[in-house]
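Remember, it's 1-based here, ligands and their atoms both numbered in the order they're listed. We count residues from 1, following the sequence as given.
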Amino acid sequence: MSEAILRLALPSPLRRLFDYQAPKGVPRGALHPGMRLRVPFGRREMIGILVEVAEHSEVPAEKLKPALALLDTNPPLPPELFKLCLWTAQYYQHSLGDTLSWALPVLLRQGEPAEARQERFWSMTPGARLDDPRIARAPRQREALATLAQHPHGVAHQLLGKLQLSKDSLDLLLAKELVQVEIRRHAPGERHEHWLAQPELPLNEEQRAACTAIRAGFDSFHAFLLAGVTGSGKTEVYLQLIRETLEAGKQALVLIPEINLGPQTLARFEQRFNARIALLHSAVNDRERLDAWLAARDGEADIIIGTRSALFTPMKNPGLIIIDEEHDGSYKQQEGLRYHARDLALVRARQENIPIVLGSATPSLESLHNAHIGRYGLLRLTQRAGGAKEPRFLRLDVKSRPLDSGISGPMQQAIGQTLAAGQQVLVFLNRRGFAPTLLCHDCGWMSECSRCDARMTVHQRYGELRCHHCGNVERVPRNCPQCGKVDLRPVGAGTERAEERLAILFPDYPVLRVDRDSTSRKDAMNQLFATIQKGQPCILVGTQMLAKGHHFPRVTLVSILDADGGLFSGDFRASERMAQLIVQVAGRAGRAEEPGKVIIQTHLADHPLLVQLTEQGYFAFAEQALSERRAAGLPPFAHLALLRAEAHKPGQAEGFLDEACSEAERLLAEMELGGIELLGPVPAPMERRAGRFRAQLLLQANARAPLHRLLSHWLLVLEQMPGGRQVRWSLDVDPVDLY
Ligand SMILES: Nc1ncnc2c1ncn2[C@@H]1O[C@H](COP(=O)(O)OP(=O)(O)OP(=O)(O)O)[C@@H](O)[C@H]1O
Ligand SMILES: [Zn+2]
């Protein structure tokens, strides 16, 4: 028999597998797809995943290197998840090895054993007695033994301190064989009989209808779009569905956007259930992440909650997937493997044959379209739960009205009245910093970034100019760098400026700012929310961090300082994003007894999309926006792929894309594929960023299949193109941002 050839996926951008011989002394029978092996790669070592064991290799036998070591006795990745990774790699035209390494917890990529942590448990030896004469005169040992006697299942080693058990006493007891140590696997907790730790709310009619419809699809793959206005009780629907999933002995996976990581969201799950909850989000460390991942895989976690990448968490008994705020941009990864967790969750639900619920008050146009064509069941919650009214919208035309740090006179009045009535105000401005640029009033110089085609933002508090695109930081100059005069003025307003001005206008009330600059300190956000929850009149100023998921019962006025950006932008998704943001921010208002009001400052008070949104609501807006997309042949009525390139020298990226474009045209002709348009190459909307010149080529297709056939051939050609070595390039399938 010839020697087995191992085909490995390695964490490399190359879209191919790599052949190795089996490690010395490892029998063929021990090698199974999905196992990890350490292999030599060039002058380095890498950890790869076995995809198949083959008989032959194209590589000459003398060039085949043996793998160094087999790291697993069982494949760490269950077959379903391996399949999902294969699908992902193919769909996003990404290397399988790199896809697997995005999907695996960091420690597994680094070769850590894929077994739950073993832990030592201390317990009293059966038959041992508290009045054993050998410890009659050792009070501390007696005490320790008495404590252990209260824990018949043993005490985990890491909890010794908590129970004030001294290791020295235990060692002495161990020597006398009065206590014993067992090595058991670490489990996040015990399984419970009674899942509910807190009574459920009685559902209203719409919630009940939604639950009933979803329950009817519980036994197999079904996709639902739960479109419920803000505060309509979507979370309550999720919670009750999860309870049913747990009762059926299955696990639920809940994805939440990064921005919802607030304690409020997680607390609702933790308070409701006696369940083992595994958390996988950016704030957990690598070890905790691996433990949570293993617990989910081995069926020792009941509910798995996490952000984007938690989508790749294996589950032993999958029962339900929930995507909260399915429209949220953070589900799309913007680097490396550019996947969309919502879209992949649908693929996963289908592969696992389980139901999936996408929830949002402002569904993406993609999901609405899928509901329209019958791919998803559409469930509407049209009323706020618990009796609160939906907020009223006012468009405040600020054309030719003076703005004082971005705030018009009528807006100031409305804020003052709300505070005087003892209520809270939320001022929304999606721009951090003090002012978006610094201008010399004398010569017209503006604070431009030396590395980007962008202005640097003034951060007054730190006396700095910061580029929000590349992180470049400079001191705010005293004199104009161009003419030397001293008349430098910040132009426009960001949250820092609005905060400063509001504090002067309303000196009797606290002004709290919530944005990335104010909340970078750990727990700062929690402190802020605690203050807000106390309910005293105050002003919250913030960016989109304020927009989502939070429940501020005392906020009755939402002031939106600038809605125009979304109406002017060249990005076809800008208006959708603006509408979602407005509705989500507005959704923070009037969630309790007092009704809420939303005032939007705009220069485009008659813009049809804005009128539709504010007078008829998000769904009317969405219908209008969808019909515009259909007319323009844009997603969801077309499929896009974007090839981006960047290089240090101007023109280099375009040169590469020109060549790529010719290759695509050649392939289109050869493969006789139609319905695909190549648009570009063109410079990126912000051509220079972080010192690199960027360009892009857009592929637009009216059907997905031919586009993907083209891409799979094209990418192999691109990988070989010499021009590709001088540029950084990447392909984005279903891009969300076109820059
Ligand atoms: N059936 C119900 N009866 C009474 N109150 C309810 C009911 N369902 C939900 N609520 C309450 O209504 C409020 C809003 O509910 P919830 O947060 O679940 O809504 P949501 O749709 O998830 O909101 P958002 O879109 O803003 O995140 C909560 O305080 C919740 O406790
Ligand atoms: Zn910059």
Side-chain angles (χ1 to χ4, degrees), residues 198-211 225-242 254 256-257 259-262 264-269 271-272 322-328 357-363 379-391 426 433 436-437 446-457 464-474 533 546-555 558 580-593 596 618 646 684 686-694:
Q198 162 191 85
E200 295 182 325
L201 296 174
L203 297 179
N204 65 34
E205 218 161 288
E206 287 183 326
Q207 285 173 316
R208 196 160 345 111
C211 276
L225 178 61
L226 180 62
V229 298
T230 54
S232 58
K234 295 184 288 297
T235 311
E236 187 61 37
V237 172
Y238 304 153
L239 290 170
Q240 303 208 6
L241 294 169
I242 291 171
V254 182
I256 55 177
I259 209 128
N260 267 18
L261 269 179
Q264 286 181 319
T265 315
L266 297 179
R268 285 183 73 178
F269 289 85
Q271 283 161 8
R272 175 63 57 91
I322 287 171
I323 315 287
D324 189 27
E325 312 285 2
E326 66 85 26
H327 65 280
D328 195 276
V357 179
L358 313 180
S360 175
T362 53
L379 306 167
R380 297 279 302 261
L381 306 179
T382 58
Q383 307 288 324
R384 280 191 163 180
K389 293 262 169 320
E390 272 203 81
L426 193 162
T437 184
M446 280 199 256
S447 55
E448 265 160 25
C449 178
S450 56
R451 309 172 66 217
C452 305
D453 292 333
R455 309 258 160 78
M456 294 186 70
T457 302
E464 285 174 353
L465 295 172
R466 294 187 192 165
C467 174
H468 289 181
H469 301 283
C470 71
N472 195 5
V473 176
E474 288 169 19
Q533 298 300 337
L546 272 182
K548 300 177 196 168
H550 305 298
H551 191 63
F552 303 137
R554 301 284 293 162
V555 168
V558 171
Q580 289 165 344
L581 212 46
I582 288 180
V583 173
Q584 294 287 348
V585 186
R588 300 314 110 206
R591 285 169 75 97
E593 306 82 51
Y618 181 78
E646 53 178 56
M686 184 195 298
E687 187 178 5
R688 199 167 49 101
R689 180 153 136 191
R692 289 170 185 269
F693 293 86
R694 310 176 317 140

- Task: Between Arg268 and ligand 1, find which residue part has any heavy-atom pair under 4.0 Å and reply side chain, backbone, both or neither.
- Result: side chain

- Message: With a 4.5 Å cut-off on side-chain heavy atoms, are Ile322 and Ile242 touching?
- Response: yes

- Query: Between the side chains of Glu236 and Gln240, is a donor N or O closer than 3.5 angstrom to an acceptor N or O?
  - Reply: yes

- Which of the ligand 1 atoms, numbered from 1, are nearer than 4.0 Å to a heavy atom of Asn204: 1 (N)

- Task: For the pair Arg694 and Glu687, evaluate salt bridge (charged side-chain N to carboxylate O under 4.0 Å, His left out) and give the outcome as yes or no after the intermediate values.
- Result: CA-CA 5 Å; Arg694 310 176 317 140; Glu687 187 178 5; over 6 Å; no

- Message: Please check whether Gly228 reaches ligand 1 - meaning an N/O of the residue sits under 3.5 Å from an N/O of the ligand, judged on distance alone.
- Response: no

- What part of Leu201, side chain from CB on, backbone N/CA/C/O, both or neither, has a heavy atom under 4.0 Å from ligand 1? side chain

- Message: Quick check for you: with the Zn ion (ligand 2) as the vertex, what angle do SG of Cys449 and SG of Cys470 span, to 10°?
- Response: 110°

- With the Zn ion (ligand 2) at the center, what angle do SG from Cys452 and SG from Cys467 span, rounded to 10 degrees? 110°

- Note on the structure: Counting from 1 in the order shown, the ligand 1 atoms closer than 4.0 Å to a non-hydrogen atom of Ala385 are 6 (C), 7 (C), 8 (N), 9 (C), 10 (N), 12 (O)

- Query: Between atom OG of Ser447 and atom CG of Leu465, what is the distance when rounded to the nearest 0.5 Å?
  - Reply: 5.0 Å

- What's the spacing between Lys234 NZ and Leu239 CG if we round to 0.5 Å? 12.5 Å

- Message: Regarding His469, does it place an N, O or S atom less than 2.8 Å from the Zn ion (ligand 2)?
- Response: no

- Query: So is there a nitrogen or oxygen of Gly231 less than 3.5 Å from a nitrogen or oxygen in ligand 1?
  - Reply: yes

- Message: For ligand 1 and Thr230, I'd like to know whether there is a polar contact (N/O to N/O, distance under 3.5 Å).
- Response: no

- Item | Contact partition for Gln207 relative to ligand 1, non-hydrogen atoms under 4.0 Å | side chain

- Give, for atom NE2 of His469 and atom CE of Met686, the distance between the pair rounded to the nearest 0.5 Å. 3.5 Å

- Candidate list Leu226, Val237, Val254, Leu379, test side chain to side chain contact (heavy atoms under 4.5 Å, CB included), partner Val357, passing option: Leu226

- Which bit of Ser360 gets closer than 4.0 Å to ligand 1, counting heavy atoms only: side chain, backbone, both or neither? neither

- Please report the shortest heavy-atom distance between Thr230 and Arg384, naming the atom on each side. O-NE, 2.9 Å

- Report yes or no: do Arg380 and Ser232 form a side-chain donor-acceptor pair below 3.5 Å? no

- Closest by any non-hydrogen atom to atom 19 (O) of ligand 1: pick that one out of Gly233, Pro202, Gly359. Gly233

